[in-house]
Amino acid sequence: MHQIKMMGFGLFLHELGLEQKFNRFAADAESKLDYASLCRPYVIKEQVKLEEMENPDDCYLKYAKAIYRATNQEERLVNCFIVLLEAIGKKAKECGVPNSRYGYIDCQKNAVKGSTHRPDIAVYCVNDTARHFDAIHMVVEAKTRSFPNNISRDNIGRIADYVYSLWKLQITRKFVPVIFLHGASLSLLVFFRTKTIRVDIGKAFFENEMPNNFEIHRINIVLARLHFLLTLSPAEFGHICDFTEKPDQLYFSSGSATSSTEVGISDHLQESALAMVKADPFEGSDVFNLGQTFDRRISLRGRIAYTVKGTFKGEEAVLKLSWTSIERLPENAAYDILAKSRVEGVPSRLGKGLIFANFMGYRLEYMVLEDCGEPLSQALKRLHQIDRLGRFPGYVVSIIKQVTACLVNAYVEGIVHRDISDGNIAVRRLSTNAIDARVIDWGYSKDTMFESGRSAKVARLWHYDSKQVGNNEETHDRFTGTPRYMGISTLFGSTFRNVVTDIESLFYVVLDALRTIYTLPNSEEGPVGFIHHERLDVLGHVRVSCIRFDDNWLADFGILKASVPGELLRVLQAMRQFLFFNDGTYIGTDLARNRQYSYTVDEASARVFMDEKTIDILKGKDRRTGGPLTSTTTKDSATKPTRTRRKRKTPDQQEASGYSLENKPFPVENPRPLQGDKWPVITSHALLRCNSVACIGCMAGGDSTDLLSVRHTNRDLAAVLNFQHIVRGLRLNNKVPERFQRPKRARNAVAAPIDGNAALNEPPAQRQRTE
């Protein structure tokens with residue numbers, strides 16, 4: 001949660017452009033309404049009391065009843081506040097002052113419909129009869145204790161839960177206001193995308209039985225402010241449009257949904273207004289009929305995108321409303337660049353527009369896209385179930401070729417996706433033999449040609465600085481993407497992203513989708529290749545180890561190799577060869593160490609899962625650097641490409657440099673976040689404490705500063721990986737793998753075969769154990 005900033009009531013209204021409207025309202029209301037006469041209870045020392053009255057009126061009796069029904073002081077405070085709101089509304093109607101637009105429900109004992117939340121008071125629009133949680137305008141939270149300075153963490157956490165749920169359910173939210181009644185004081189908490197503001201309105205109740213004239217005047221001002229906030233429409237206070245109840249349709253005004261669909265038609269795209277309607281009174285074509293909202297995790301910080309299925313112009317379509325920082329690339333800008341170049345595999349836009357160019361540091365844009373089908377994993381599972389003619393491997397190959405072609409063509413135009421995931425590849429079946437795959441959600445993409453005239457033209461259209469945004473996107477390379485599908489170099493903090501890192505993410509996405517079809521037997525635990533860890537480099541270490549070995553790499557990703565069709569297995573092996581091998585040499589360790597590794601790809605492997613046109617583009621020029629997009633080799637090449645590799649030192653050289661795996665402890669940074677402040681540096685011993693000379697040469701790093709290779713991270717992880725190999729060997733072959741069997745005589749057994757040395761693969765001798 002953001003740090004709460006204090007702001008005065010007048011400055012807050014000025015920021016929203018409501019200052020003049022409030023001045024007119026206050027001048028009219030204070031001359032006609034005596035707010036202080038409606039406020040009968042007083043709050044003193046966290047006690048809500050009501051003075052005795054000889055001839056009580058109706059208002060007094062309602063307060064007395066509210067206090068009598070309450071079982072504790074907090075419930076008394078909430079009941080009295082509801083009576084106060086109703087009394088203000090009734091008096092305003094009698095005096096001809098603008099009345100509140102909202103109704104109030106006491107939710108202290110019963111949760112709001114459609115949720116488990118129980119705010120003290122839920123505020124709804126008057127004409128909303130359903131009263132579900134997804135139609136709440138704002139909530140009221142009350143505490144008898146006063147918080148003149150900082151609100152307690154427990155109260156802020158409870159309020160934040162309401163705010164998060166409202167952000168998630170209401171696609172038209174601009175900010176979330178919360179009225180916080182603490183003791184006799186009234187505060188307004190406003191949760192924006194970038195910050196949280198606290199506006200202290202003042203004392204809403206008296207603090208003694210006999211208030212003086214100053215206190216009465218102060219109460220009149222405070223309740224006038226509260227009354228004004230309750231007369232504002234949802235479009236003025238919290239939403240981007242009128243939100244009188246849960247909507248069925250969105251109407252795009254100003255013709256913006258269909259105008260300027262091509263880059264270059266207009267040099268400046270006006271901000272469009274968005275109106276909300278319940279029925280369809282419009283005969284125009286810019287009405288989007290809302291359907292199912294995609295349930296996606298959102299964050300109160302950063303980018304947030306609402307995706308809703310529905311119909312537009314009589315066709316199945318998807319509406320996307322995106323809040324994006326003004327320092328990040330607008331998704332519509334990426335679509336404009338891709339549409340101008342006619343990149344295939346990108347969804348067609350039926351409409352687009354900009355609602356806010358800059359609201360508190362965020363822009364709000366929308367687009368209406370064609371419905372591209374279902375996510376990759378769901379589509380593959382369904383295609384495999386209905387396949388009776390053995391066409392499923394061909395479907396998968398076709399999807400991979402279409403997606404790689406889209407990514408390569410987009411990269412040539414300067415766009416890198418950076419967030420290839422299962423949900424961002426949409427698949428639909430066109431006919432018996434035809435499959436259509438689209439790459440969607442380009443909201444995290446970056447423009448590598450941001451200094452070009454083309455990018456400057458698009459930037460003027462969507463109200464952003466192309467150079468500032470381009471440089472900012474470069475700094476976000478290491479943080480952008482879905483960790484489960486990030487490439488090895490990205491997991492280790494690489495700040496360089498290109499088309500190959502996107503293809504590597506596609507490789508993991510395909511493996512993740514296929515593991516639900518060709519599942520290992522008795523695999524209750526998740527595959528080690530997709531292990532979840534808060535530290536990304538741990539996943540990177542695991543993947544470097546998993547992909548290295550030919551025999552078990554599919555099993556490490558949860559796939560039973562024996563059940564995979566030959567055609568599909570050939571494609572997976574080709575993608576692995578393309579991404580992680582160079583002339584038969586494994587480069588996974590190089591990807592981890594060199595964060596800007598220059599790929600040298602194998603054209604022969606690329607032909608298995610790419611079409612000829614895509615390979616020709618790969619062999620062409622990179623418009624960003626002017627050089628080749630990638631270097632390509634074939635198996636028949638006369639000259640092999642050269643690449644720089646760090647040469648490992650021999651054990652004697654390591655010992656000469658002062659490093660030994662046997663008994664040399666060394667200081668390292670404490671990886672435990674909770675103990676890092678107390679003990680920032682801890683002493684770590686060498687990995688596995690292996691004293692085998694052959695094993696040392698395999699595990700030691702290149703120099704004394706890089707003590708540990710990427711092959712093993714620590715003894716615990718090495719033990720887990722070895723144990724998994726043993727268990728899977730028992731499951732598949734009913735025996736322990738040979739390299740893990742206890743030999744009759746051996747020294748220290750090597751835990752894994754050492755590449756390129758057949759002698760070391762043999763189990764070393766150990767002493768015969770006597771009974």
Measure from the side-chain N and O atoms of [X] to the backbone N and O of [Y], and report whether any donor-acceptor pair falls under 3.5 Å.
X: Arg363; Y: Arg328; result: yes
X: Asp106; Y: Gln108; result: yes
X: Glu75; Y: Thr71; result: yes
X: His533; Y: Arg535; result: yes
X: Asp28; Y: Arg24; result: no
X: Asp371; Y: Glu316; result: no
X: Arg198; Y: Leu188; result: no
X: Glu315; Y: Phe312; result: no
X: Asp200; Y: Ser187; result: no

What distance do [X] atom [atom1] and [Y] atom [atom2] have between them, rounded to the nearest 0.5 Å?
X: Asp120; Y: Cys107; atom1: CG; atom2: SG; value: 9.0 Å
X: Lys352; Y: Trp462; atom1: NZ; atom2: CH2; value: 5.0 Å
X: Asn220; Y: Leu33; atom1: CG; atom2: CG; value: 9.0 Å
X: Leu169; Y: Ser115; atom1: CG; atom2: OG; value: 8.5 Å
X: Leu189; Y: Tyr162; atom1: CG; atom2: OH; value: 13.0 Å
X: Ile179; Y: Ile159; atom1: CD1; atom2: CD1; value: 11.5 Å

Hey, can you tell me if Tyr335 and Trp442 have their rings parallel, tilted or perpendicular (30° and 60° cut-offs)?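 Perpendicular: the ring planes of Tyr335 and Trp442 meet at over 60°.
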[Y] versus [X], side-chain donor and acceptor atoms under 3.5 Å:
X: Asn72; Y: Glu74; answer: no
X: Arg76; Y: Asn79; answer: no
X: Ser100; Y: His227; answer: no
X: Tyr104; Y: Glu86; answer: no
X: Asp419; Y: Thr482; answer: yes
X: Lys203; Y: Ser185; answer: yes

Got a sec: does the [atom1] of [X] have more than 12 other heavy atoms crowding it under 6.0 Å?
X: Lys49; atom1: NZ; value: no
X: Asp57; atom1: CG; value: yes
X: Met6; atom1: CE; value: yes
X: Lys65; atom1: NZ; value: no
X: Lys91; atom1: NZ; value: no
X: His14; atom1: NE2; value: no

Can you name the nearest heavy-atom pair linking [X] to [Y], along with the distance?
X: Ile326; Y: Tyr464; result: O-CB, 4.5 Å
X: Val83; Y: Ala66; result: CG2-CB, 4.0 Å
X: Thr231; Y: Arg101; result: O-NE, 2.8 Å
X: Phe25; Y: Ala224; result: CE2-O, 3.6 Å
X: Pro41; Y: Tyr63; result: CG-CD2, 3.4 Å
X: Arg303; Y: Ser322; result: NH2-OG, 4.0 Å

side-chain contact (heavy atoms from CB on, under 4.5 Å) assessment of Ile355 paired with Leu321: CA-CA 9 Å; Ile355 299 172; Leu321 290 167; 3.9 Å; yes
Evaluate the side-chain proximity of [Y] to [X]: yes if any heavy-atom separation is below 4.5 Å, no if none is.
X: Arg418; Y: Glu473; result: yes
X: Met367; Y: Glu331; result: yes
X: Val139; Y: Val123; result: no
X: Leu369; Y: Ile440; result: no
X: Glu365; Y: Thr324; result: yes
X: His239; Y: Gln170; result: yes
X: Ser445; Y: Leu329; result: yes
X: Phe147; Y: Asn155; result: yes

Can you tell me which residue among Tyr362, Phe237, Phe356 is in a ring pair (Phe, Tyr, Trp, His ring centres under 6.0 Å) with Phe175?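 Going through the options one by one, the only one that passes is Phe237.
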Under 4.0 Å between a Lys/Arg side-chain N and an Asp/Glu carboxylate O for Asp441 and Lys320?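 The answer is yes: the pair qualifies as a salt bridge.
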Could you check whether Arg173 makes a cation-pi contact with Trp323, meaning its NZ or CZ is under 6.0 Å from the centre of the six-membered ring and within 45° of the ring axis?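 Because its charged atom misses either the 6.0 Å distance or the 45° angle limit, Arg173 does not stack over Trp323.
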Would you sort out whether Val190 and Val176 count as a side-chain contact (heavy atoms from CB on, under 4.5 Å), showing the intermediate values? CA-CA 6 Å; Val190 187; Val176 180; over 6 Å; no
Step by step, would you call Lys21 with Glu236 a salt bridge (Lys or Arg N to Asp or Glu O under 4.0 Å)? CA-CA 11 Å; Lys21 185 173 183 178; Glu236 295 174 302; 2.6 Å; yes
Looking at His117 versus Phe133, is the centre-to-centre ring distance below 6.0 Å?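 Close enough - the centres of the two rings lie under 6.0 Å apart.
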When you look at Val308 and Val318, which way does the side-chain contact (heavy atoms from CB on, under 4.5 Å) test go after all the steps? CA-CA 6 Å; Val308 187; Val318 174; over 6 Å; no
Is there a side-chain contact (heavy atoms from CB on, under 4.5 Å) between Tyr124 and Val112? Walk through the geometry before answering. CA-CA 11 Å; Tyr124 293 89; Val112 184; 3.0 Å; yes
Kindly determine whether Tyr42 and Phe205 satisfy ring-ring contact (aromatic ring centres under 6.0 Å, His included), including the steps that lead there. CA-CA 6 Å; Tyr42 60 94; Phe205 291 102; over 10 Å; no
